[in-house]
Protein chains: 2
Amino acid sequence: MARIKPSHIEVLLNYKLWLSSVTGEGIIEEDRYELLREIHKKGSLSAAAKELGISYRKAWGDLKKAEQLLGYELTVKKRGGASGGCSTLTDKAIKLLEAYKALHVQMDDAVEKAYRDFKKKL
Amino acid sequence: MARIKPSHIEVLLNYKLWLSSVTGEGIIEEDRYELLREIHKKGSLSAAAKELGISYRKAWGDLKKAEQLLGYELTVKKRGGASGGCSTLTDKAIKLLEAYKALHVQMDDAVEKAYRDFKKKL
DNA sequence: CGGCGATATGACATTTAATACATAACGAAC
DNA sequence: GTTCGTTATGTATTAAATGTCATATCGCCG
């Protein structure tokens, strides 16, 4: 029984994209994008955290850091009331999300093309 | 005396590119590319490590891991002898370096363009 | 007013990754 | 066979990211 011996191991191309402050500190990358998107969908930070399977503590810390680095609020936060409270995205946050999404789509295309070219050269 | 108040904080776009095995483990990224390039230039792993300001231990571990994940040798290693020993790149490694370099140039262009488009949308 | 559910935050524990330290093996040259 | 610089590798220490726990605040509503 013959066994196929691959002439080379498969190599994959990966990339990570993120927005940062001028000091290099990360503001928005994939995870925080997801967090904001989920807040937008659910209207609540705790619900978003639960959906994503991360602790409220971490979600809150991430959100706070992003806002601090950006210098403006990404969410309008309310606490108390019948529902306990809620968090909704600001207009700026929504705009940022849309721009980031478009950025990501564009980069995905570029990476795919670069990967094809790369394999030809290998 | 008036003070200029920026309407928005500057946001930078960053990306990281790397080759991985199918299991997702990283093989080659910027640092390891530099390491291989330096080995090629110096003909020695320890000299390369010194040049890059990292410990020999780390350089050796990085190289070993890359080779293990790729399934083939990136360097020909010799120890002992008058000079103590040396490390030189294999043909496959040289080819890999060239392909990675081209990949990076291509991606840099793509990122620059994506960043311009991104800022317009913001 | 007391309970509920969400935001808000500090303190501590744990897990993971990077780095440092130590030590062995090798082989040509002298 | 001793010296020297390099490859080779295990172990230990540190540092950073992440998770856990506890506790407080808020404000509608029954």
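What you see below is based on every heavy atom in this structure, not just the backbone, and it leaves out hydrogens, waters and symmetry mates. Given the structure is predicted, the values throughout are model-derived calculations rather than measurements. Letters A, B, ... mirror the listed sequences (proteins, then strands); counts begin at 1.
At a threshold of 4.0 angstrom between heavy atoms, the contacts of Gly85(B) are confined to the sugar-phosphate backbone, with no base atom among them.
Between the Thr75(A) side chain and the Ser87(A) main chain, no donor and acceptor come within less than 3.5 Å of each other. The main-chain N or O of Ile27(B) is found under 3.5 Å from a side-chain atom of Arg32(B) such that the two form a donor-acceptor pair.
A salt bridge links Lys120(B) with Asp117(B); the closest basic N to acidic carboxylate O contact falls under 4.0 Å. Under the 4.0 Å criterion applied to side-chain N and carboxylate O atoms, Lys77(B) and Glu67(B) are assigned as salt-bridge partners. A salt bridge does not link Glu98(B) with Lys95(B): every distance from a Lys NZ or Arg NE/NH1/NH2 to an Asp or Glu carboxylate oxygen is 4.0 Å or more.
Checked against dT19(C), dT9(D), dT7(C), the side chain of Lys58(B) finds its nearest nucleotide in dT19(C). Checked against dT7(D), dT7(C), dA29(C), the side chain of Ala82(B) finds its nearest nucleotide in dA29(C). For Ser44(B), the listed nucleotide lying nearest its side chain is dT6(D); candidates were dA8(C), dA8(D), dT6(D).
Place Arg79(B) and Ser83(A) on DNA chain C by their nearest nucleotides, and Ser83(A) ends up nearer the 5' end. Nearer to the 5' terminus of DNA chain C, by closest-nucleotide assignment, is the contact made by Gly84(A) (compared with the other of Gly61(A) and Gly84(A)). Place Arg57(B) and Ala47(B) on DNA chain D by their nearest nucleotides, and Ala47(B) ends up nearer the 5' end.
Atoms CD (Gln68(B)) and P (dA8(D)) sit 14 Å apart, rounded to a whole Å. Rounding to whole angstrom units, CD1 of residue Ile39(B) and P of dA8(D) are separated by 11 Å. The distance from atom CD1 of Ile54(A) to atom P of dA17(D) is 16 Å, rounded to the nearest whole Å. Distance, Lys77(A) NZ to dG27(D) P: 16 Å, rounded to whole Å. The CG atom of Asp62(A) sits 14 Å away from the P atom of dT7(C) (whole-angstrom rounding). Asp31(A) has its CG atom 12 Å from the C1' atom of dT18(D), to the nearest Å. Computed from coordinates, the Lys64(B) NZ to dT6(D) P distance equals 21 Å when rounded to whole Å. Here the C1' atom of nucleotide dG10(D) and the NZ atom of Lys65(B) are 16 Å apart, to the nearest Å.
Using a 4.0 Å cut-off, no side-chain N or O of Ser55(B) falls inside it from OP1 or OP2 of dT19(C). One finds a side-chain N or O of Trp60(B) lying less than 4.0 angstrom from the OP1 or OP2 phosphate oxygen of dA8(D). Using a 4.0 Å cut-off, no side-chain N or O of Lys78(B) falls inside it from OP1 or OP2 of dG27(C). For the pair Ser87(A) and dT7(C), the criterion of a side-chain N or O lying under 4.0 Å from OP1 or OP2 is met.
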